[in-house]
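Taking it in order: structure first as structure tokens, then the write-up.
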4 protein chains.
Amino acid sequence: MRRVDMRTKMEESKRSAIKEKMLQSAEGIVEEEGFEGISMREVAKRSGYTPGSIYQYFENKDVLIRELIKSGYKRIMKAINQKLDEKMTIEEQIIQRFTSYIGAALNMREYYKAVMFSEDPKIIEMTAVLHSEESHEQRGINKLEKAIEKGMERGEFLKGDPTIIAKICWTANYGLLLRIIIEDIQDKKVIQELIQEQFRLLFQGLRKKEIIKWE
Amino acid sequence: MRRVDMRTKMEESKRSAIKEKMLQSAEGIVEEEGFEGISMREVAKRSGYTPGSIYQYFENKDVLIRELIKSGYKRIMKAINQKLDEKMTIEEQIIQRFTSYIGAALNMREYYKAVMFSEDPKIIEMTAVLHSEESHEQRGINKLEKAIEKGMERGEFLKGDPTIIAKICWTANYGLLLRIIIEDIQDKKVIQELIQEQFRLLFQGLRKKEIIKWE
Amino acid sequence: MRRVDMRTKMEESKRSAIKEKMLQSAEGIVEEEGFEGISMREVAKRSGYTPGSIYQYFENKDVLIRELIKSGYKRIMKAINQKLDEKMTIEEQIIQRFTSYIGAALNMREYYKAVMFSEDPKIIEMTAVLHSEESHEQRGINKLEKAIEKGMERGEFLKGDPTIIAKICWTANYGLLLRIIIEDIQDKKVIQELIQEQFRLLFQGLRKKEIIKWE
Amino acid sequence: MRRVDMRTKMEESKRSAIKEKMLQSAEGIVEEEGFEGISMREVAKRSGYTPGSIYQYFENKDVLIRELIKSGYKRIMKAINQKLDEKMTIEEQIIQRFTSYIGAALNMREYYKAVMFSEDPKIIEMTAVLHSEESHEQRGINKLEKAIEKGMERGEFLKGDPTIIAKICWTANYGLLLRIIIEDIQDKKVIQELIQEQFRLLFQGLRKKEIIKWE
DNA sequence: CATGAATGAGATTTCATTCAT
DNA sequence: CATGAATGAAATCTCATTCAT
């Protein structure tokens, strides 16, 4: 390893520290003033740099925003990548994962909204749920799918296509979260009730089934 | 009716024709460049007027956007205000209403997204689903609630709180629609499949019921 | 007198009634929002006409404003054209005239300020005080001059140039009024005290004269 | 002092040089077209910058105007903060101060008018004369008050309330100056005569004193 | 590498004025 | 004579981006 490489590497770590600082400043803006409040000026001011400096780290505003969204996405994902108690039923495991996910999302409302609403192709690549490309193994939706599959195998769940069922579960939860954020529901009890009811519906459904079965 | 009245009326209708033209120009922008592409300049250019002229018809940009969103909302609402076949089961009725709603939404994708994403208080007043104010009797969510209530009375559905269940059903569907739009899913077969699966999940749930275990 | 003349005359009186209405609307704006609040639009709205109509009566905005100021000036002048009690001393007469003038000015503060601050040559022609042209016999400053002259003749006042003394008295009072208006002094007691002190100073001066005389 | 400090200081001085340039451009506009001729565009054009650049130095137009007025006010104030000959009578001292003040004001006519006519609260705070807050010790009006007080103590002046008398003297002079400016009196002899007459009136008054009657 | 002044384009909005109806 | 839609110019202000230092 030549000296130049060393230097490059050290600078590289310093570089990303500065980038991180800038992204955090941007995040602060998002939470306070919403996503449209981001301006290069404001990011500069908050991070203690000057507008010109930002361009040393981000090619332009779009790139900055893209990275900002990416970092938010990663944080949400981290929330659901917890170890699960293997002794729980699949249903319980799914509920726990969703609960973590919901908690993370509601802790960064504006952010979640922005991430999950972005149409930037680079972002969609990460956040897409309905597309069937199996590229990103570690995405949340795949974990959900696996869990549902296992639930079917174990006889906990009705048989069906786990891929599509996972998508539906995910979008349902996504819709609820978004409305909570958009309508600015803050009352924790209300939120709790909504979420519980959602799980109930998801696992149990609306229809009174026994009757039908006995026919 | 005196002549003056006639003239007034004609002018009034001309006025709203022009407003309509401007709103349609704005709508065009939304569909092409998304909602943030709207600028008074661009609306003016597209509608063949000068920026100043727009202010003859809309007090300011906020008002224009609000009216734009309102008109989109009305179009969606019109779609679900159809007569229903009384002989259908409640489940079938609900599915039919949702299907109409989904069709309307997917016929004006950008628009739907904008309406359902707006945080303008005046718009939220129309679109809010989770807030419990019972003011707007004719809103879609209330119809859904009534239907679910009836389904419970008739013994079609499991007992529960129809208000909250309606909310969950609505947000689930909302989430699915939004992801279809954001991820730009165009394949009708795929969409169809997703929607059907959603209904199945909503009415039947994931969990294998006890009854089944007894078999 | 031919018929045409008749018609012209009648229309003429209607014309000036409408003009008056428009000017009054403008005056209302001045008092509420200050002189810069005047816009043709607003004048139109308040007078119940349309912007276009105003141009039937006033060539343009400048002309309207000029006439507006003129009408205000006339009102102030009317206030001082009262009959005076001939038995009063000249000093008393002057005080009475000034008091009327001050009262009128403070009843139309914004207006007075505008009139007395205008640099429009057409307005200056009316309001000028320092210019020595003796054109406008009926102007307030001339009355003041005459009174001072008479005061000197009667031995009430010290001898001097009544023309220039009148000017100084006038501008002194003008300065006080303007500051009261600009600094928005509303307390009547304070105003009263200032005015009285002004009269005392004007007639008596600062200097302790007897002492000096005896030396 | 480290190099960085040096650089900062130099840049700071460059900054204020540019601000100065912009303010001078604005001042030029005031002198040529009056105070309402100021527009950010015009200031930009005259100072050789673009409109946007001005916002690097002045938060907005109000701030620019405020600073413009302040700088004018300071210039006037500087004029009266001269040393006085202690051997002069109070009357002579007062006359000398007023004369300086008048000279400064007439050297920047449009400017003086603007400053003394501004209703911007921030400006009024500086220019207010009638308000009785004793906050700003160094304001011209306080010096005048002190002088009058001393004149009374020394027996030069008639007894009275020096505060209110100072106000009246000030507003009288203010009124004269303003009329000179508004009526655009340029003839120095005429001005001189007016000013002298004003002093005479101020110190001597109009009324023939009792003493004289005893003669 | 950082600075921050400067740019230039564009945003919203206001307004006097005109003119076909 | 009245209307009011339309204009066009101008105003203030914002912002991403560049570049000499």
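Reminder, nothing fancy here: chain letters follow the sequence lines and each chain counts from 1.
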With R41(A) via salt bridge (Lys or Arg N to Asp or Glu O under 4.0 Å) - residues at least two apart: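 Partners of R41(A) by the salt bridge (Lys or Arg N to Asp or Glu O under 4.0 Å) criterion come out as none, since no residue qualifies.
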Set of salt bridge (Lys or Arg N to Asp or Glu O under 4.0 Å) partners for E183(C), sequence neighbours left out: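 R179(C).
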Whichever of E42(C) and I18(A) has its nearest DNA chain E nucleotide further upstream toward 5':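 It is I18(A), whose closest nucleotide lies nearer the 5' terminus.
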Pairwise 5' ranking along DNA chain E for G37(C) and T50(A), keeping only the more 5' one: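 Looking at DNA chain E, the more 5' nearest nucleotide goes with T50(A).
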Y111(D) (side chain) donor-acceptor with L68(D) (main chain) under 3.5 angstrom: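 Flag set: sc Y111(D) to bb L68(D) pair under 3.5 Å.
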Please output the side-chain donor-acceptor pairs of residues 17-24 of chain D that fall under 3.5 Å, not counting sequence neighbours, one pair per line with the distance.
from: K19(D); atom 1: NZ; to: E67(D); atom 2: OE1; distance (Å): 3.4
from: K19(D); atom 1: NZ; to: E67(D); atom 2: OE2; distance (Å): 3.4

Nucleotide-level pairing of DNA chain E, given in dot-bracket where Watson-Crick and G-U pairs need both distances under 3.5 Å and | marks other strands: .||||||||||||||||||||
Measure from [atom1] on [X] to [atom2] on [N] and round the result to the nearest Å.
| X | N | atom1 | atom2 | result |
| --- | --- | --- | --- | --- |
| I65(A) | dC15(F) | CD1 | C1' | 13 Å |
| I38(D) | dA10(F) | CD1 | P | 18 Å |
| K19(B) | dG4(F) | NZ | C1' | 16 Å |
| E33(C) | dT14(E) | CD | C1' | 14 Å |
| F58(A) | dA2(E) | CZ | C1' | 16 Å |
| K14(B) | dA5(F) | NZ | P | 8 Å |
| E36(C) | dT14(E) | CD | C1' | 14 Å |
| Y49(B) | dA9(F) | OH | P | 20 Å |

Heteroatom pairs (N/O) under 3.5 angstrom, protein to nucleotides 17-21 of chain E:
from: dT17(E); atom 1: OP2; to: Y55(C); atom 2: OH; distance (Å): 3.0
from: dT17(E); atom 1: OP2; to: K61(C); atom 2: N; distance (Å): 3.0
from: dT17(E); atom 1: O5'; to: Y55(C); atom 2: OH; distance (Å): 3.4

Any I123(A) side-chain heavy atom under 4.5 Å of Y73(A) side chain: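 No, their side chains stay 4.5 Å or more apart.
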Min side-chain heavy-atom separation I38(C)-K61(C) under 4.5 Å: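 They are in side-chain contact.
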Side chain of Q56(B) - closest among dA6(F), dA2(E), dA16(E):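 Output: dA6(F).
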Proximity to the side chain of Y57(D) - top-ranked nucleotide from dT3(E), dA2(F), dA6(E):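 Closest of the options to the side chain of Y57(D): dA6(E).
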Sugar-phosphate, base or nothing in reach of L64(B), heavy atoms under 4.0 Å: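 If one applies the 4.0 Å heavy-atom cut-off, L64(B) turns out to touch nothing in the nucleic acid.
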Sugar-phosphate, base or nothing in reach of I54(B), heavy atoms under 4.0 Å: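 Nothing: the residue I54(B), judged by heavy atoms under 4.0 Å, touches no strand.
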Please list, chain by chain and in numerical order, all residues satisfying side chain to side chain contact (heavy atoms under 4.5 Å, CB included) with [X], sequence neighbours excluded.
| X | value |
| --- | --- |
| K122(D) | R66(D), D120(D) |
| E119(C) | E110(D), K113(D), I182(D) |
| R109(C) | L106(C), I180(C), I181(C), D184(C), Q186(C), I191(C) |

Phosphate-side-chain proximity, S39(D) and dA11(F), N/O vs OP1/OP2 below 4.0 Å: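 For dA11(F), OP1/OP2 do have a side-chain N/O of S39(D) under 4.0 Å.
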Contacts of type side chain to side chain donor-acceptor pair (under 3.5 Å), residue E33(D), not counting sequence neighbours: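 Partners of E33(D) under the side chain to side chain donor-acceptor pair (under 3.5 Å) test: R46(D).
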